[in-house]
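In what follows, a single structure is set out as structure tokens and then discussed.
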Amino acid sequence: MLLDPGTDLVTLLRAVVDIESVSGNEKRLADLVEEVLRTQPHLEVARDGDCVVARTRLGRAQRVLIAGHLDTVPVAGNLPSTVEETPEGIVIHGRGTVDMKGGVAVALKLACELDRPRFDITWVFYDHEEVDASLNGLGRLAGNRPDLLEGDFAVLMEPTGARVEGGCQGTIRIRITAEGRAAHSARAWMGDNAIHGLADVLARLAAHEPKRIEVDGLEYREGLNAVRIGGGVAGNIIPPRRGWRSTTGSRPTKASTRPWGIWRRSSTGTRSR
């Protein structure tokens, strides 16, 4: 068994991290998580695609649901994992150590060890969290097997430092394109630099101050960030087109039109989609 829940948490975490599970490639990790959970006599295990669900059936009056995702964003030369000894303690480096294989390792170990919990517990390890919502394994499970998500209280695990935080109600992802005109860099005046055309938009974005909103006693921080930029032809060509992407989260109280207002003010003279 590649994942040993009886080992120490650092070793288990490194084993989980070293199983690459970029969104769309969660099957191997899901198979191993399922294998571990099916060895536990106190758990009833079900599977929907690459979403693995394990439940206690002890007849408790209430049920708590704890869910976390198996997938990560793309690997960037940060696998396999490494360990660093620091004055503050052991630090593990590697794709997904924080978001959120640390949570996966903790949940997997607890699912195996808590055989007589005070409440019945449903553990959900789901796929496709880091990509488009239409692919999200938790949403798919809700459509296919809503009975597996029944409970009285739910915790959606994310890297929050063991604090309860309010999550966003979806995100808006916007692509901005600046149009220019190509020219040789030695005759730059004959062209129109598309990269420079984004300067005002980026400056306004950098100056934007996100709001902090209190929802049921939890502080929610709005986010508005550039996350990708690309364009250009060659090192001696004035770029005729430059594009960048941004993402923003909607506050948890309701779907907000506020991000669109910000973009209308920021992207004058460019095209967005």
Side-chain angles (χ1 to χ4, degrees), residues 22-24 69 71-78 95-100 128-136 139 156 158-161 165-215 218-273:
V22 173
S23 303
H69 62 89
D71 62 319
T72 71
V73 297
V75 176
N78 48 0
R95 173 58 75 219
T97 48
V98 175
D99 189 8
M100 60 153 286
H128 285 91
E129 191 274 344
E130 298 286 3
V131 289
D132 192 274
S134 64
L135 301 173
N136 188 283
L156 188 62
E158 283 290 355
T160 64
E165 293 186 4
C168 66
Q169 186 169 299
T171 61
I172 298 174
R173 299 184 182 185
I174 303 167
R175 178 181 293 174
I176 302 291
T177 302
E179 301 286 356
R181 186 173 63 255
H184 195 285
S185 59
R187 298 290 185 272
W189 63 87
M190 299 179 68
D192 184 6
N193 195 310
I195 294 177
H196 297 176
L198 289 173
D200 183 53
V201 180
L202 289 169
R204 295 189 187 197
L205 179 61
H208 173 67
E209 295 185 6
K211 284 189 174 182
R212 297 186 177 188
I213 303 157
E214 185 174 304
V215 181
L218 297 176
E219 182 184 70
Y220 174 75
R221 299 189 183 190
E222 288 187 339
L224 184 61
N225 301 282
V227 295
R228 182 179 296 181
I229 189 166
V233 178
N236 61 346
I237 298 294
I238 300 301
R241 173 175 288 194
R242 188 72 168 184
W244 67 296
R245 297 180 184 179
S246 176
T247 183
T248 180
S250 296
R251 67 189 69 175
T253 49
K254 59 182 179 180
S256 174
T257 59
R258 170 176 161 78
W260 290 113
I262 296 169
W263 279 115
R264 290 190 186 100
R265 294 192 298 274
S266 299
S267 58
T268 304
T270 60
R271 295 191 297 108
S272 63
R273 59 182 178 179

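Excluded from the calculations below are hydrogen atoms, water molecules and symmetry mates; all remaining heavy atoms, backbone and side chain alike, are included.
- The two residues D99 and E158 have their closest heavy-atom pair at OD1-OE1, 3.1 Å.
- For the pair N193 (side chain) and I195 (backbone), a donor-acceptor distance under 3.5 Å is present.
- Taking CD of E222 as the reference point, atom NE2 of H208 lies at 6.5 Å (rounded to 0.5 Å).
- Atom-to-atom distance recorded for H196:NE2 and I238:CD1 is 7.0 Å, nearest 0.5 angstrom.
- Shortest non-hydrogen contact noted between A194 and G180 is CB-N, 3.9 Å.
- Atom CD of E165 and atom OH of Y220 lie 10.5 Å apart (nearest 0.5 Å).
- Among residues two or more places apart in sequence or in another chain, the salt bridge (Lys or Arg N to Asp or Glu O under 4.0 Å) test is passed with R212 by E219.
- Put simply, CD1 on I176 and CD1 on I229 are 11.0 Å apart, with the number rounded to the nearest 0.5 Å.
- In terms of the side chain to side chain contact (heavy atoms under 4.5 Å, CB included) criterion, residue partners of N236 (sequence neighbours excluded) are, by chain and number, H184, S185, A234.
- In plain terms, the two heavy atoms of V22 and V73 that are nearest each other are CG2-O, 3.7 Å.
- For A76, the side chain to side chain contact (heavy atoms under 4.5 Å, CB included) partners are N78, R95, not counting sequence neighbours.
- At least one side-chain heavy atom of S23 sits under 4.5 Å from a side-chain heavy atom of E130.
- Scanning both residues, P240 and A182, for their nearest heavy atoms gives CB-N, 3.7 Å.
- Not counting sequence neighbours, the partners of D192 by the side chain to side chain contact (heavy atoms under 4.5 Å, CB included) test are R181.
- The heavy-atom pair separating G96 from T72 by the smallest distance is CA-CG2, 3.9 Å.
- For T97, the side chain to side chain donor-acceptor pair (under 3.5 Å) test picks out no residue, with sequence neighbours left out.
- Atom CG of L156 sits about 8.0 Å away from atom NE2 of H69, to the nearest 0.5 Å.
- With sequence neighbours excluded, the residues forming a side chain to side chain contact (heavy atoms under 4.5 Å, CB included) with H128 are E26, V131, L135, listed by chain and number.
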